Amino acid sequence: MLAAALSMAGCAEFVYNSMHSERVAECEALHGQEREDCLVQAQKSYEKYAAERNEEIRQDGQP
């Protein structure tokens with residue numbers, strides 16, 4: 001079961017990283033600060049994205 005979970009985590013990271021070019025291209029249509037903010041998000045590493053996502057999930061579970 002642990003091997004399956006680790007395999008899925010690696011798959012999620014691969015998909016996240018493979019979408020990098022698409023995320024950056026979507027930012028190019030924006031202007032000014034909105035574009036800059038978008039590019040910062042698009043450049044975020046999978047590790048940082050996953051940590052922020054886990055924190056949001058944890059906070060949503062709090063009453």
Side-chain angles (χ1 to χ4, degrees):
M1 180 126 128
L2 178 60
L6 292 174
S7 175
M8 291 301 284
C11 183
E13 183 174 0
F14 174 79
V15 171
Y16 179 87
N17 290 332
S18 68
M19 301 284 293
H20 171 77
S21 297
E22 187 174 322
R23 290 191 308 269
V24 171
E26 289 174 359
C27 296
E28 295 300 328
L30 304 173
H31 300 284
Q33 189 62 46
E34 188 176 24
R35 179 179 179 273
E36 295 303 315
D37 293 344
C38 181
L39 287 170
V40 167
Q41 288 296 325
Q43 299 291 343
K44 187 180 299 183
S45 71
Y46 178 78
E47 290 78 15
K48 183 160 177 68
Y49 158 78
E52 290 176 0
R53 180 179 179 273
N54 289 338
E55 180 65 20
E56 287 289 325
I57 291 170
R58 188 187 64 75
Q59 287 178 0
D60 286 347
Q62 304 270 328

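Note that the coordinates shown come from a computational prediction; the quantities given were computed from them, not determined experimentally.
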Are more than 12 heavy atoms from other residues, nucleotides or ligands located less than 6.0 Å from atom CD of Q43?
-> yes
Roughly how far, to the nearest 0.5 Å, is the CG atom of L39 from the CD atom of E26?
-> 11.5 Å
Aromatic rings Y49 and Y16: how do their planes relate, parallel, tilted or perpendicular, breaks at 30° and 60°?
-> parallel
Nearest heavy-atom pair of C38 and L30: which atoms, and what distance?
-> CB-CD1, 3.7 Å
Any side-chain donor paired with an acceptor under 3.5 Å for Q41 and D37?
-> no
Roughly how far, to the nearest 0.5 Å, is the CD atom of E13 from the OG atom of S45?
-> 8.5 Å
What residues, two or more places apart in sequence or in another chain, satisfy salt bridge (Lys or Arg N to Asp or Glu O under 4.0 Å) together with E28?
-> R35
Approximate separation, where rounding is to 0.5 Å, of I57 CD1 and E52 CD | 12.0 Å
Quick one: salt bridge (Lys or Arg N to Asp or Glu O under 4.0 Å) partners of R53, sequence neighbours excluded?
-> none
What distance do N17 atom CG and R23 atom CZ have between them, rounded to the nearest 0.5 Å?
-> 7.0 Å
